[in-house]
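Structure record follows, encoded as structure tokens.
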Amino acid sequence: MASNANERFRTRAAAHGLQIVMSEFPAGTRTAADAADAIGCDVAQIVKSLVFVADRVPVLCLTSGANRVDEAKLAMALGTSRVAKADADQVRAATGYAIGGTPPFGHDTPITTVCDRDLTGFEEVWAAAGTPNTVFPLSPSVLLAITTALVADISA
Ligand code: 5CA
């Protein structure tokens with residue numbers, strides 16, 4: 001059964017003109033590897049929605065499931081001196097969603113977003129839909145249109 005977080009995300013995506021087709025996996029899609037196993041796709045097609053804090057301001061980093069974020073490259077892309085990974089409370093406060101379920105858009109407040117260039121090479125990618133056991137597919141072009149993300153090479 002869909003949770004409040006799923007319905008909140010679905011409503012916000014619809015406001016961007018996107019009808020979400022959600023897949024629920026009871027075994028969980030908390031990590032990129034879990035999600036790729038459940039979906040049966042390449043882990044590189046999973047969108048990790050990672051929150052960092054840059055000069056006290058939260059930023060969202062959409063990262064390919066195959067990659068690790070290079071914090072120095074992310075700081076350079078943002079034009080800040082340094083970035084640090086947000087903790088669970090900071091993720092919840094910045095987005096309104098829990099770690100493992102954070103979607104790439106549809107947050108409580110707008111958040112500056114950077115997108116890993118490697119995600120843009122796929123026809124389809126999959127991201128969390130608000131909870132750690134739901135995901136949805138979309139094209140990278142729609143992902144970029146909705147998030148207005150800055151595309152950069154941010155992987156280690
Ligand atoms: N649902 C999956 C695939 S769509 C997902 O949300 N993956 S994720 O990568 O975006 O979110 C999990 C990430 O949260 C982990 O890769 C890890 O970087 C981060 N994380 C997990 N636990 C913590 C924690 N206690 N504090 C901060 N970050 C954490």
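Reckoned from all heavy atoms, side chains included, excluding hydrogens, waters and symmetry mates. For ligands, and for the atoms within them, numbers begin at 1 and follow the listed sequence. If you're wondering where the values come from, they're calculated on a predicted model, not measured in any experiment.
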Tell me which protein heavy atom sits closest to [atom], plus the residue, atom name and distance to 0.1 Å.
atom                    : answer
atom 28 (N) of ligand 1 : Ile99 CD1, 3.4 Å
atom 27 (C) of ligand 1 : Ala86 O, 3.3 Å
atom 1 (N) of ligand 1  : Thr29 O, 2.5 Å
atom 5 (C) of ligand 1  : Arg30 O, 3.2 Å

(request) Please confirm whether Gly100 comes under 4.0 Å of ligand 1, counting heavy atoms of the residue only. (result) yes

(message) With a cutoff of 4.0 Å, is Thr102 in contact with ligand 1, counting heavy atoms of the residue only?
(response) no

Going by the atom numbers of ligand 1, which of them fall below 4.0 Å from some non-hydrogen atom of [X]?
X      : value
Ala128 : 1 (N), 4 (S)
Ile46  : 3 (C), 4 (S)
Leu50  : 9 (O), 10 (O), 13 (C), 18 (O)

(message) Atom CD of residue position Glu124 - does it have more than 12 heavy atoms of other residues, nucleotides or ligands inside 6.0 Å?
(response) yes

(request) Please say whether more than 12 non-hydrogen atoms of neighbouring residues, nucleotides or ligands are located less than 6.0 Å from CZ in Arg8. (result) yes

(message) Which label fits Phe136 and Phe9: parallel for a plane angle under 30°, tilted from 30 to 60°, or perpendicular past 60°?
(response) tilted

(message) Just to be sure I'm reading this right: ignoring hydrogens, which of Ala38, Ser49, Ala32 gets closest to atom 10 (O) of ligand 1? Compare them by their nearest heavy atoms.
(response) Ser49

(message) At under 4.0 Å between heavy atoms, is it the side chain or the backbone of Val47 that contacts ligand 1, or both, or neither?
(response) backbone

(request) Answer with side chain, backbone, both or neither: which part of Lys85 has a heavy atom less than 4.0 angstrom from an atom of ligand 1? (result) side chain

(request) Could you tell me which non-hydrogen atom of Ala88 sits nearest to which non-hydrogen atom of Ile99, and how far apart they are? (result) CA-CD1, 3.6 Å

(request) Ignoring hydrogens and angles, state whether a donor on the side chain of Thr134 or Asn6 is under 3.5 Å from an acceptor on the partner side chain. (result) yes

(request) Mind running side chain to side chain contact (heavy atoms under 4.5 Å, CB included) on Leu143 and Ser139 for me, showing each step along the way? (result) CA-CA 6 Å; Leu143 179 66; Ser139 68; over 6 Å; no

(request) Taking the side chain as every heavy atom from C-beta outward, state whether Thr95 and Phe105 have any pair of such atoms under 4.5 Å apart. (result) no

(message) I'd like to know if Asp108 pairs up with Arg12 as an ion pair, taking the criterion as any Lys NZ or Arg NE/NH1/NH2 lying under 4.0 Å from an Asp or Glu carboxylate oxygen.
(response) yes

